[in-house]
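All chains are named by letter (A, B, ...) in the order of the sequence lines, taking the proteins before the strands, and each is independently numbered beginning at 1. As the structure is a computational prediction, the values presented were derived from the model and not from experiment.
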2 protein chains.
Amino acid sequence: MSTTLLQITDVSDTTGAACCTPLTRETIDADRAEELARKLKALADPTRLRLVSIVAASAGEEACVCDLIEPVGLSQPTVSHHLKVLMDAGFLTRSKRGTWAYYRLVPGALGQLSQLLDVTASR
Amino acid sequence: MSTTLLQITDVSDTTGAACCTPLTRETIDADRAEELARKLKALADPTRLRLVSIVAASAGEEACVCDLIEPVGLSQPTVSHHLKVLMDAGFLTRSKRGTWAYYRLVPGALGQLSQLLDVTASR
DNA sequence: CGACTATATCGATGGTTGTCAATATTGGGC
DNA sequence: GCCCAATATTGACAACCATCGATATAGTCG
């Protein structure tokens with residue numbers, strides 16, 4: 001019913017009798033905010049968004065670095081850097097086959113982030 | 001079935017992501033990536049996440065600056081700055097009443113962002 | 001082994017950002 | 001009109017970040 005945005009599942013708010021409006025719904029705590037911000041920061045770059053998007057749209061949902069350089073139009077070291085950031089944040093995994101490095105989406109990662117941001121009753 | 005992640009909805013809706021029912025498995029284009037990154041960047045800060053959360057959890061879903069300073073533990077100018085960033089990104093609105101400034105969530109903003117990140121079939 | 005290829009790491013650099021103190025602005029009360 | 005409270009803006013500074021060229025690493029093929 002009420003907004004359940006970014007809430008923390010602390011729950012000990014049974015204290016006050018159920019009133020009407022969402023009075024003291026718990027807000028996100030500092031640690032969790034830090035963690036969420038870390039992940040959002042990894043995605044908050046146009047190049048990285050494109051990389052994730054390209055990987056997701058690729059056949060087999062995987063792509064090797066050589067396929068990614070040309071589409072984003074940046075240098076190979078820069079692309080490698082972005083891929084590392086996305087890996088460290090838990091959005092991609094890497095598997096090397098021969099000289100090539102193939103990147104894949106981590107299955108639930110984006111969906112989980114999406115859920116965290118969601119508002120059950122937006123408006 | 002297929003991943004529909006970060007897809008572009010084409011169209012010329014410049015006023016923000018129109019979302020919903022993507023047409024293609026096309027990858028996100030540069031312009032849209034830029035736009036999405038801009039919004040994500042606004043959220044990708046622990047303090048701003050906490051501010052949004054507190055506003056969302058407040059009675060009436062609005063809060064004035066004076067209520068926000070103490071919880072986040074930063075200076076008043078810094079809090080004002082963060083609120084401005086969130087407003088510019090379209091997540092909050094401000095309404096002044098007397099000397100006080102009340103901030104509210106923009107109804108669909110977070111949900112829309114959430115949808116954009118979602119993977120329809122994240123495996 | 002030696003040449004070549006794909007990718008990662010390093011170092012430097014210009015640009016962005018989070019923060020604060022100081023100051024400006026705006027509205028209310030006397 | 002004058003003072004005070006709430007908020008916004010400005011200026012400065014340190015930390016961080018995206019990017020590149022150069023270089024290192026590792027795998028392949030002859």
Dump every N/O contact between nucleotides 2-5 of chain C and the protein below 3.5 Å, one line per pair.
none

List the residues meeting salt bridge (charged side-chain N to carboxylate O under 4.0 Å, His left out) with B:Asp31, not counting sequence neighbours, and say none if there are none.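 Residues passing salt bridge (charged side-chain N to carboxylate O under 4.0 Å, His left out) with B:Asp31: none at all.
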
Between N or O atoms, less than 3.5 Å apart, protein on one side and nucleotides 14-18 of chain C on the other: list the pairs.
residue: C:dG18; atom: OP1; partner: B:Arg48; partner atom: NH2; Å: 2.9
residue: C:dG18; atom: OP2; partner: B:Arg48; partner atom: NH1; Å: 3.3

Are A:Leu86 and A:Val106 connected into the same hydrophobic cluster when the rule is that any two of I, L, V, M, F, W, Y join if their side-chain heavy atoms are below 4.5 Å apart?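 Result: no, two separate clusters.
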
So does B:Arg97 get a side-chain nitrogen or oxygen closer than 4.0 Å to the phosphate oxygens (OP1/OP2) of C:dG27?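 Negative; the distance criterion is not met.
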
Between B:Arg94 and D:dT7, is there a contact of a side-chain N or O with OP1 or OP2 at under 4.0 Å?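 No, B:Arg94 has no side-chain N/O under 4.0 Å of OP1/OP2 on D:dT7.
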
Nearest nucleotide by nearest heavy atom, which residue falls closer to the 5' end of DNA chain D, A:Gly73 or B:Asp67?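 Checking each residue's closest nucleotide, the 5'-ward one belongs to B:Asp67.
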
Of A:Lys96 and A:Ser75, whose closest DNA chain D nucleotide lies nearer the 5' terminus?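 The residue closer to the strand's 5' end, by nearest nucleotide, is A:Ser75.
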
How long is the line joining [atom1] of [X] and [atom2] of [N], in whole Å?
X	N	atom1	atom2	answer
A:Arg50	D:dT19	CZ	P	11 Å
A:Leu83	C:dA8	CG	C1'	11 Å
A:Leu68	C:dA6	CG	C1'	13 Å
A:Asp88	C:dA8	CG	C1'	13 Å
A:Leu92	C:dA8	CG	P	12 Å

Quick one, B:Tyr102 and B:Lys96 - any side-chain contact, counting heavy atoms below 4.5 Å?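 No; the side chains remain at least 4.5 Å from each other.
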
Inspect the contact between B:Lys41 and B:Glu34 and indicate whether a charged nitrogen and a carboxylate oxygen are less than 4.0 angstrom apart.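 The answer is no: the pair does not qualify as a salt bridge.
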
Presence of salt bridge, A:Arg38 and A:Glu35, under 4.0 angstrom: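 Looking at A:Glu35 and A:Arg38, the cut-off is met.
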
Please evaluate residues A:Tyr103 and A:Cys64 with respect to the criterion side-chain contact (heavy atoms from CB on, under 4.5 Å), reporting the C-alpha separation (whole Å), side-chain torsions for both, the decisive distance (0.1 Å), and the verdict. CA-CA 6 Å; A:Tyr103 285 85; A:Cys64 87; over 6 Å; no

Taking atom CG of B:Leu68 and atom CZ of B:Arg50, what is their separation to the nearest 0.5 Å?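 Going from the CG atom of B:Leu68 to the CZ atom of B:Arg50 covers 11.0 Å.
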
Indicate, yes or no, whether a donor-acceptor pair under 3.5 Å links the base of D:dA6 to the side chain of B:Gln76.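 A donor-acceptor contact between them is absent.
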
Where the side chain of A:Tyr103 is concerned, which of C:dT9, D:dT9, C:dA8 is the nearest nucleotide?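 Of the candidates, C:dA8 comes closest.
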
